[in-house]
Amino acid sequence: MKDIAPAISPPAGIGDAKPANQAVLDWVGEVELLTKPENIFWCDGSERENNFLLEQAERQNALIKLNDKKVPRSYLHRSNPNDVARVEQFTFICTPTKEEAGPTNNWSEPAETYSKLDGLLQGAMRGRTMFVIPYIMGPPDSPLTKVGFEITDSIYVVLSMRIMTRMGAVAVKRLGNDANAEWNRGVHSLLDVNPARRFICHFPQDNAIISVGSGYGGNVLLSKKCLALRIGSYLARRQGWMAEHMLILGVESPEGKKHYVAAAFPSACGKTNFAMLIPPKHFRGWKVTTVGDDIAWMQIREGRLFAVNPENGYFGVVPGTSYKSNPNAMKSIEHDTLYTNVALTDDGDVWWEGKDGAPPAHAIDWRGNDWTPASKEKAAHPNSRFATPMRNNPALDANVEKGEGVPISALIFGGRRSDTMPLVFQAFDWDHGVYIGATMASETTAAATGAVGQVRRDPMAMLPFCGYNIGDYFRHWLKVGKRLTSPPLIFNVNWFRKGEGGKFLWPGFGDNMRVLKWAIDRCEGSDAAVESPIGWLPRPDDLDLAELDVPHKSVVELLGIDHEQWQRELAGHQKFFDSLGGVVPQELLEQREKLAGRFKL
Ligand code: GTP
Ligand code: SPV
Ligand code: MN
């Protein structure tokens with residue numbers, strides 16, 4: 001499959017939606033001068049434009065159309081095998097000083113970086129079409145909403161951005177003609193898709209992003225991790241709001257009482273699944289609805305946190321998705337979906353490890369090679385993804401377009417931990433909750449290149465996404481807490497604790513409702529919990545485990561605190577704070593002392 005394709009020539013009325021804003025025109029002119037494309041395609045986000053681009057992408061071998069009877073209006077893209085995940089080691093925060101980027105980010109000096117990237121971009125789009133994509137992040141009428149423009153030479157990026165963002169006319173309208181308006185400048189070029197020339201660079205002071213050398217997901221859909229999280233978190237701190245790597249869900253009781261919850265789990269640790277949860281039979285009448293599956297932008301209103309989902313679609317992990325584990329996701333990706341790096345069956349359908357039913361006798365794997373169940377290689381890449389519009393989700397929340405956002409009753413942190421962390425516990429208060437988030441750890445996954453399964457600290461699931469100094473980020477969290485008169489309760493969950501034989505102790509997925517219900521009950525004032533050194537813990541009887549096929553012994557193990565493991569955990573917190581070289585706020589250092597003290601009592 002081709003990443004890089006020659007220029008396309010659209011007919012009249014397509015690709016000519018040039019906006020009037022002079023600042024945009026000047027910037028596009030500069031990038032044109034530098035990259036020397038064959039032509040410029042101004043996107044308007046229309047259906048007609050999309051159909052034209054799909055047809056071109058198919059012709060250029062950038063997409064394969066799937067069997068229209070099996071998966072209507074859906075396509076498969078195969079990325080370069082050297083380009084299948086985010087590349088954290090090539091991701092940079094380019095602030096004037098290294099200190100502003102802080103100890104957890106790769107830093108590079110802005111002027112030098114611009115000049116290096118200019119060198120790489122020089123003539124990079126020769127013979128190619130340069131697409132200009134206007135988009136907004138957030139509901140059209142939200143005060144939190146941001147405008148971005150992405151320039152790209154990848155037709156796959158354009159088609160993905162149309163799913164993932166509100167794209168085209170709506171953005172041009174929101175920006176208006178003010179030459180000084182705030183908007184994000186994103187430049188993306190595939191170059192030659194060579195890992196040696198792959199850089200994802202953020203210039204927060206300039207509200208600018210330059211991404212070169214990749215054609216994959218979070219590296220190139222600049223709206224997502226680059227704008228909504230890295231630049232977003234930087235703007236959020238300056239402007240007094242929060243940009244977080246969190247899903248947002250609504251949970252409604254049979255009596256009609258509704259709460260909203262936002263949860264931060266690291267990449268490939270269960271956000272999409274939790275956001276689309278279907279309660280088990282026993283919870284008849286309970287309803288979970290999705291506001292967002294990856295990113296939350298939150299503002300303070302009347303002393304409460306209100307959240308919007310800045311995105312318009314889901315870029316979700318495919319492997320493991322089935323009608324058994326996540327029916328809402330399966331229904332969402334039955335049509336109008338852009339798949340990346342899954343397997344193609346002989347009848348033009350898609351397949352992946354963990355899909356319902358038996359594997360096909362033969363397929364073409366994500367690399368384009370023949371595959372059979374006897375093959376050693378996986379048919380779908382472990383980080384293969386779907387991009388699907390959120391309107392496809394049968395559980396979409398009714399308030400997803402509400403500009404003010406939804407009021408958040410609880411925040412949940414969680415990672416992938418084989419041991420130590422119980423199924424769920426609750427922070428004593430906001431600052432303790434910030435400490436729990438700040439010291440979070442998780443086993444690494446295929447969502448980023450590098451080793452998988454290694455426990456690393458990932459504060460608030462934002463380690464790869466915080467666009468400034470992590471110490472200031474912690475301070476921002478503490479400060480927000482002081483402004484909240486009705487702060488959400490803060491919880492920590494772990495769906496991934498393992499027992500003897502290395503098996504998950506907890507069934508997860510729909511059964512996570514049992515944990516969610518306990519958290520919601522706590523928000524409603526329930527006292528079904530005991531105090532422990534690490535926070536409020538449910539006893540086995542405090543959880544509704546009716547009709548659950550998990551031995552009591554496992555439940556006890558899931559809720560247990562192993563003092564030896566926690567001594568190691570505490571040492572891990574200390575080591576992490578030490579590694580940050582003095583940026584950790586005093587309040588969090590004190591939280592650590594208090595936690596250690598509670599274990600000694
Ligand atoms: P990103 O899109 O990378 O941010 O990932 P995510 O946090 O949305 O994770 P997602 O919901 O896509 O889940 C990632 C993987 O974890 C999938 O293979 C899921 O099947 C698996 N998973 C999700 N929830 C659970 C759970 O409750 N228990 C277990 N055992 N696995 C889960
Ligand atoms: C993540 O890695 O957290 C993702 C996938 O959501 S990507 O968009 O590639 O970053
Ligand atoms: Mn994510």
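Side chains are part of it too, since the values below use all heavy atoms of this structure and drop only hydrogens, waters and symmetry mates. Order of listing sets the numbers, starting from 1, for every ligand and every atom in it.
Atom 4 (O) of ligand 1 has K271 NZ, 2.8 Å as its closest protein atom, hydrogens excluded (heavy atom only). The closest protein non-hydrogen atom to atom 19 (C) of ligand 1 is N273 ND2, 3.7 Å. Of the protein's non-hydrogen atoms, the one nearest atom 6 (O) of ligand 2 is K225 NZ, 3.0 Å. Looking only at heavy atoms of the protein, atom 16 (O) of ligand 1 is closest to R416 NH2, 3.2 Å. Atom 2 (O) of ligand 1 has as its closest protein heavy atom R385 NH1, 2.7 Å. What sits closest to atom 18 (O) of ligand 1 on the protein, heavy atoms only, is P319 O, 3.3 Å. Atom 9 (O) of ligand 1 has G270 N, 2.8 Å as its closest protein atom, hydrogens excluded (heavy atom only). Taking atom 1 (P) of ligand 1 as the reference point, the nearest protein heavy-atom neighbour is A268 N, 3.3 Å.
By the criterion of a heavy-atom distance under 4.0 Å, both the backbone and the side chain of F509 are placed next to ligand 1. In C269, the part holding a heavy atom less than 4.0 Å from any atom of ligand 1 is the backbone. Neither the backbone nor the side chain of N326 comes within 4.0 Å of ligand 1, counting heavy atoms alone. Counting heavy atoms closer than 4.0 Å to ligand 2, residue N219 contributes nothing at all. Of all the heavy atoms of L247, none lies under 4.0 Å from any atom of ligand 1, so neither backbone nor side chain is involved. With a 4.0 Å cut-off on non-hydrogen atoms, K224 does not touch ligand 1 at all. Contacts of E353 with ligand 1, taken as heavy-atom pairs under 4.0 Å, are absent altogether.
Atom numbering of ligand 2 starts at 1 in the shown order; those under 4.0 Å from a heavy atom of F315 are 8 (O), 9 (O). Of all atoms in ligand 2, numbered sequentially from 1 with element shown, those under 4.0 Å from a heavy atom of H245 are 3 (O). Residue-ligand proximity, A447 to ligand 2, at heavy-atom distances under 4.0 Å covers atoms 2 (O). Atoms of ligand 2 found under 4.0 Å from any heavy atom of D294, numbered from 1 in the order shown, are 6 (O). Listed by atom number, the atoms of ligand 2 under 4.0 Å from K224 heavy atoms are 6 (O), 8 (O).
For atom 29 (C) of ligand 1, the candidate residues are W506, F496, F315; the nearest heavy-atom contact is made by F496. When the heavy atoms of S267, A446, A448 are ranked by distance to atom 1 (C) of ligand 2, first place goes to S267.
The minimum heavy-atom distance linking P266 with D458 is given by the pair CB-OD2, 3.3 Å. Summarising the geometry of P488 relative to L305, their closest heavy-atom pair is CG-CD1, 4.0 Å, with the distance given to 0.1 Å.
In terms of polar-atom proximity, defined here as any N/O pair under 3.5 Å, G218 does make such a contact with ligand 2. Among the atoms of R86, some N or O lies under 3.5 angstrom from an N or O of ligand 2.
In this structure, K271 has no heavy atom closer than 4.0 Å to ligand 2. Distances from ligand 1 to the non-hydrogen atoms of P266 include at least one value under 4.0 Å.
Annotation: angle subtended at the Mn ion (ligand 3) by D294 OD1 and K225 NZ is 100°, to 10°.
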